[in-house]
Each structure stands twice: as structure tokens, then as C-alpha cells.
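Structure record follows, encoded as C-alpha cells.
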Amino acid sequence: MNKSRRSFLKVAGLSAFALSSGVAALSSTAQAAATMPGSSYKMGAAALKAKRWAMVIDTRAFKGPEDYQPLIDACHKAHNVPTIKGSNQNIKWFWLDKFDHAFPDDINAYQAAGIKERMFPLLCNHCTNPPCVRVCPTQATYQMHDGIVAMDYHRCIGCRFCMAGCPYGARSFNFMDPRKHLPKEMPNPTFPTRMIGVVEKCTFCAERLAVGQMPACVEAAGGRILFGDLDDPNSDVRHALAENYSIRRKPNLGTQPGVYYLI
Amino acid sequence: MLEKVLTGPRTFYLWLLFLVCVIGACGLVYWQQLQQGLSITGMSRDVSWGLYISQFTYFVGVAASAVMLVLPAYFHHYKKFKRMIIFGEFMAIAAVCMCSLFILVDLGQPQRMLNVMLHPTPNSVMFYDMMVLIGYLTLNAIIGWVTLEAERLDVEPPKWIKPLIYLSIIWAFSIHTVTAFLYAGIPGRHYWLTAIMAARFLSSAFCSGPAILLLLVFIVRRLTGFEPGRDAVKTLTTIITYAMCINVFFYLLEIFTAFYSGIPGHQHPMTFLFGEHAGHVTWVSNWMWAAVIMALGSLVILIPPAWRNGPLLPFALIMLVVASWIDKGLGLLIGGFTPNMFETITDYAPTCMEISVALGVYAIGALVLSLLWKIALGVKREAGHFSD
Amino acid sequence: MYNAKAVIVGAVIFAVLFSSPFWLNFGKDDYKRPDVVLPKNEKECVEPVEYMRAEHMALLNQWRDQALRNEKRVYVSSTGKEWTISLQNTCLKCHNDYANFCEKCHIANSVYPYCWTCHITPEGKK
């Protein structure tokens, strides 16, 4: 090939690259300029605030799985969680399992029958050191200043690294379109559904806290689940933890779960 | 040099046509996956990664293994590898393409893939994995092309390529180390939570990658008469033998730690993979035992020098590749996810559609490899470096 | 030049294909602004209409990030009026005719945002 033609092609290629990156840079500045001058954002006046939200579940006050059913229903109704029966590609935000499965580090063949047979409610632990947040490559899952581990479903690419990372099996992936498994009339028309190909999980009802309401499961539990600020020594949750024996799931992994169980 | 793909025997183009047909057919299955989501796979809430990610992991190893030719040639001036290096580099390119595609087909929302670059996240290993893979692809493409062009023109490669080659040697180790970190940094997955994971990955890559390369070169020798060089094959076989010994040794270390410590969590994945766990026998255990037999079989042939350099070599290499593929391409993922986070068992088996999509990616890799190797062979023939 | 014939023919084919959208649409009707149906009871959107027309997508992105990541779920507009941040419960409360507002303009401009795979339109399940 002719030498000058080759150098021409090189220069042309480099210029095309420079031009396209310049255009990309310009378009990102255009994004920033789109804010309306004089506008601003703030928290709602009724919003409940905490430094570190935490949950204390008094499992002694629940007689059996049927006692938990209204809580599960409230949660899944509030968030349009689909029911996918008979499939292990299902979605769970709030569900039940046996002691040995919920607390596999605490196995004891002679465990009291009352505990061995009891069902325990499981949900996202909203860890202080969440592995899911650590591994997410797009910050689609992130930790908020109040300790809630939240998700931005718009940004999730569905790589499922967070599902591998979560030691509590708290995350579900939308293997299929969730709307196929929801009734025609959405259970909660004021809340979105999710879409195919993204991961989802319990949000500690961040959208309810923002308008001054307690999480749906807490409200449905009628005092048997406490929810409050772990950083406030006078909060309900701190009193409950000070006065009762409590355990957490897999504490030896150092994730510092925010859900406590009174046994 | 691109014109080298335009002249070839009929069989070559029939082979390309066959690959394109396979890619097309499997592409249709992928299109189905785009419509119906990953529900067409055997993955589940408890086993959330499957065949796609395990193939990704295996082929990162194949990509990294090119370094087993480049390192002796450039750090130890072992000249006899020079004729074969380009095939290793071009195989690395094909392997990295396959890795990227395996990640792509595994994503639930592939059209948002570039979010990884739009929102760079330094605390995620996936972010580094993307960067090292792109870097390795670029390095190998530049190095391969420039050195091959120099060979064609019968001149020394330009001086500026040397630092890039040295960088690519270190880079090869980094890609597989970072891939191991995807697994080894996750709390609560007993089978993966081991500091030796990166070392195991590298050792299995450095035996299986060169073994695949040698097998492919043997095929090319039969088809075209290209002679990689007797001594080069001998040396590479020795490297493969050492790497395989280390690979098996590392796995035995895992077994010792799990069973001598007696910690149930560490034992469960292994009892599950090799036998019965809580009354459950999985289909994978047959495969795992087959891997054990083939790994030992390959070592029996590879360790005695007379057998290693004899006619049994291809069989040993095939057994080695299959054994390492079962270990890394099946056992690693399935053992990592079962028993699951509740210490119960959710079985996983890839579905036909899932296997088809994976085959499509294999075919794309074969296509890239065929085209690149065709160029390399054409240049070798023209430059008179085709045989001794 | 090598293969002059092939190169020239190739260049012509490329030029024709590349400019084909221009030729195919030559002489067709001009682009007409779609007649979107504006809310009947509300006169005022969160920001002036020109800004909303041009930047609503950027504003929605900002709303999303502020609400989800910073827990700031109230938008104070340039006129000082406060709005609850919610596509589904604030925007769609007034703009409740999805087919004649959002969709009409999006189709006319060949953009297909996937807001509605998650957010529920007033007609219910779409």
C-alpha cells in the first residue's frame, strides 16, 4: 500500500475517533444543562427519617404460617409482586422457611421442637455491609444514607452478580415478564411493576417511609414486628433488642444484617 | 493481509458456510430468549448462573493461555515457539470474543450493557473484568497483526511492539485472576470462597488452553501441512503436563481443607458433586467422576516422556480438555450454587435452548478463529515459514 | 487505480444506499406536529411548556435519581410550586390520556421508551 495513503487513513481514523468522542462529551454536557434554573429537590415533609433503619421480628408472637400470610399478602400486594406457582424461577420479597434453612449456621439435632418446626419470615436484610452493593457493576443496587439497600430497576442490566453475592437468597430475577403473572387489575395501581430481565427484592418500603407510613408488613403485623432507628438508643427496636434475646441470619459473614429475630 | 481469506480451497468455504448456518440457527434460539427472557434456561432463583457464565469462565482461561507461548518466547528467548505464537494470539482473540458473547447472552437486559461503562463502579469485580478483557483483546489484536505483518514483509517487528508484548504477558495473568475474583470474593458461597481460586484457574487454564491449541494445530497440520515444529510441540506438551499436575494438586488441596477441617459448609458442595448429598444424587456426579478418570488418564500418558511424545498424545490432550471443561465448565458453577443459601438443593441442568445458544457462541468463536488462522497460515506460507 | 471498475461501482452503490432515506422521502408531506390532547382541567405543568416539550425525558431521569437515590421525593419547580415526584401518580394524574398524549408524539417521532413495561398507565395494564 502507498505510504502516504496509509498515513492518510491513519489520520482519518484518529480524527473520526476524536470527533465521535467529542460529540459524546458534548451530549453529556447537554444532559447537565437540562436542569431548569431555580428548581430544586427536597424530602417530603411527612417522611420518616432514621440514621439506620432496622427491623425486629418477634417470632414468638406468631403461632404458625397462617399468622404470617396477611403480612406476605400485604407486602406482595403493595409492590405488585407476581405469584409464579410451581416454578423455581419465582419472585419472593417476603417468604417463610424453617429454622434449619433460615439459620443454617445454627444447626442442632436436639433443637426444641417449637423452634425446629416453627416457620420464620425471610426478607432482604438491608445489611450494613451489603455484598450485593459491592458486586453490582452499574450501581443499580446501592445503599442509602438511612441504611436501606435499594434498587434502581431502570439501570439493572440483569447480570445477577448480586444474586450470587447475597448470602441470604433475598433476591429474585425476572426470568419472565412479571405482568403475565399479575391480575389484569394491578393489586396496587399507584406502584409500578418490574420488567423482564431485572433483579428485584424487598425495599423496606422506602416509598411508604417517604410519605410517613410504616412498611406494609410492619403495619399488617400489628405490633409483632418493630421497625425503627437502630442508631437511636430510645427507639422501639433498641428497647426490644436490649430486653430480649435476638439472633440474625449468618452473622459470621460480617454483613451486619438489619433484620433481628426474637426467639 | 485480509486478502488471504479470499483464496482458499473449497472445503474451507464450505466450513465457513456450515458455521454461518449454525450461527444463524442458534441466533434464532437467542432471539427466542430475547422474547421470553431467561425463562427458557434451566437457571432458577437459587441457581442464578448457569452454562453461559461457566463457559465465559472457561474461555477466559483459554484466552489467557496464549501466554504459555508468549512468555517462553519473549522472557526466555525460546525461539522455537516463534512460529506458533501467532496462533496462540489469534486463538486468544477468538476466545475473548466468545467470553464477551457469553456475558451478553447471560444478561437479562442486554441493551443496557453499556451501563457498565456509563456508571463505572470501581468496587465491582465485573467492572475490572470488562476492562481487562477489552484491554487483552486490543493488545492481542495489535500485537498479532503487527508481528504478522512484519513476518510477511520479512522485517523485524517495530520496536514499540516489545513493551506491548511484555504488557500482554502480565495482562494474561490479570484476566484470569480477575475472573477468579468474581467468585472468590463472594461471602457465603463455600465452594468459591477460597484464596486458591485464582491459582486454580490459572493452572487449569495453562494446561487446557495450550492443549486445545495443540489439538487444533494438529488438525491444521493434517489439513494444510503446516508444521509447528517438533521441539515446539515437545516443549509445549511439557508445559501442559506441569500445569495439569499443579491443577490436580490444587484440587486435592481443596478436598483436604474441606474434609480435614470437617466444616460442613466446605464439604457439602463436594459431597454433592461427587456423590449423594442429603439423599440427593445429581446428574453432575457422573460427569465429575468421568472428569476424575480422564484427568488421571491424561496424566498417565503425559508424565512418562516416551508416551508423552508418542502417538497417544492427542488422546491425552482430549481427555485433559474434557476433564478441565467438566471441572470448570460444569462443576464450578453447579457446586457453587448447590447446596443453595438455605442449605437445600435446587437442581440445575441446562435446557436444550440454553445449550443451543451456547453452541451458537462456540460457532462464532470457531468462525473468528478460522478466519484469523487462515490469514496467519497464508502469511506463513508466503514467507516460507510453513515447515522446517 | 487497481480494480477501478469495481471500486467505482461499489462507491456508487454505497452513495445510493447511504442517501436512500433522503430520496425515499423526497416530495412527501412535511412533518406535522402531532395533535396531542392536553389535560382538560389543568392549565399548568410542573415547568413551562417549551421546557417540558424539549426536556421532559431529562427531567424524568433527574426525578428518578433524586427520588430513588437521595430520598428527595419532592420537586420544587422554578416557580416555587411543590410536586410529588412520581411519573405514575403525578404526571399521569393530569396526562391521563396515554394514547393521545405520550404515545401519539412518541410514535410520530419514532421513539419507543419502555416506561410502561413497569409504570402503569391510567388505562390499567397495557
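Below, chain A is the first sequence line, B the second, and so on; all start at residue 1.
For Asn174(A), no part sits under 4.5 Å from any heavy atom of chain C, backbone or side chain. For Leu92(C), no part lies near chain A; criterion is any non-hydrogen pair under 4.5 Å. The contact between Asp65(C) and chain A is made entirely by side chain atoms (from C-beta outward), counting heavy-atom distances below 4.5 Å. At a 4.5 Å heavy-atom cutoff, Trp83(C) makes no contact with chain A through either its backbone or its side chain. Proximity to chain A (any heavy atom under 4.5 Å) is shown, for Thr117(C), by both the backbone and the side chain.
When each of Arg73(C), Arg69(C), Glu82(C) is checked for heavy-atom pairs under 4.5 Å with chain A, Arg69(C) comes out on top. Ranked by heavy-atom pairs under 4.5 Å with chain C, the first of Ile148(A), Asp146(A), Leu209(A), Asp152(A) is Asp152(A).
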**OP:** In sequence, state the C-alpha distance, the side-chain angles, and the governing distance for Met55(A) and Leu123(A), and then conclude on side chain to side chain contact (heavy atoms under 4.5 Å, CB included).
**Re:** CA-CA 11 Å; Met55(A) 184 180 276; Leu123(A) 66 158; 3.9 Å; yes

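A pairwise comparison of heavy atoms in Arg179(A) and Cys118(C) identifies NH2-O, 2.7 Å as the closest pair. Taking both residues in full, the closest heavy atoms of Trp63(C) and Cys91(C) are given as CZ3-SG, 4.1 Å, listed atom of the first, atom of the second, then distance.
Under the salt bridge (Lys or Arg N to Asp or Glu O under 4.0 Å) criterion, Arg52(A) pairs with no residue at all, not counting sequence neighbours. For the side-chain hydrogen bond (donor to acceptor under 3.5 Å, both in side chains) test, residues two or more places apart in sequence or in another chain that qualify with Arg155(A) are His119(B).
Residues of residues 71-88 of chain A placed with any heavy atom under 4.5 Å of a heavy atom in chain C are listed by number as Asn80(A). Contacts with chain C (heavy atom to heavy atom, under 4.5 Å) involve these residues of residues 193-208 of chain A, listed by number: Thr193(A), Arg194(A), Met195(A), Ala206(A), Glu207(A).
In this structure, Glu71(C) does not pair ionically with Lys49(A), as no charged nitrogen and carboxylate oxygen lie closer than 4.0 Å.
Thr90(C) and Tyr75(C) share no donor-acceptor pair across their side chains, judged by distance under 3.5 Å alone. Judged purely by distance below 3.5 Å, without hydrogens or angles, the side chains of Thr79(C) and Ser77(C) pair a donor atom with an acceptor atom. A side-chain N or O of Thr35(A) and one of Gln62(C) form a donor-acceptor pair less than 3.5 Å apart.
Atoms CZ and SG, from Arg53(C) and Cys105(C) in turn, are 8.5 Å apart once rounded to the nearest 0.5 Å. Note that the CE atom of Met163(A) and the SG atom of Cys132(A) stand 11.5 Å from one another [nearest 0.5 Å]. The OH atom of Tyr168(A) sits 12.5 Å away from the NE2 atom of His126(A) when rounded to the nearest 0.5 Å.
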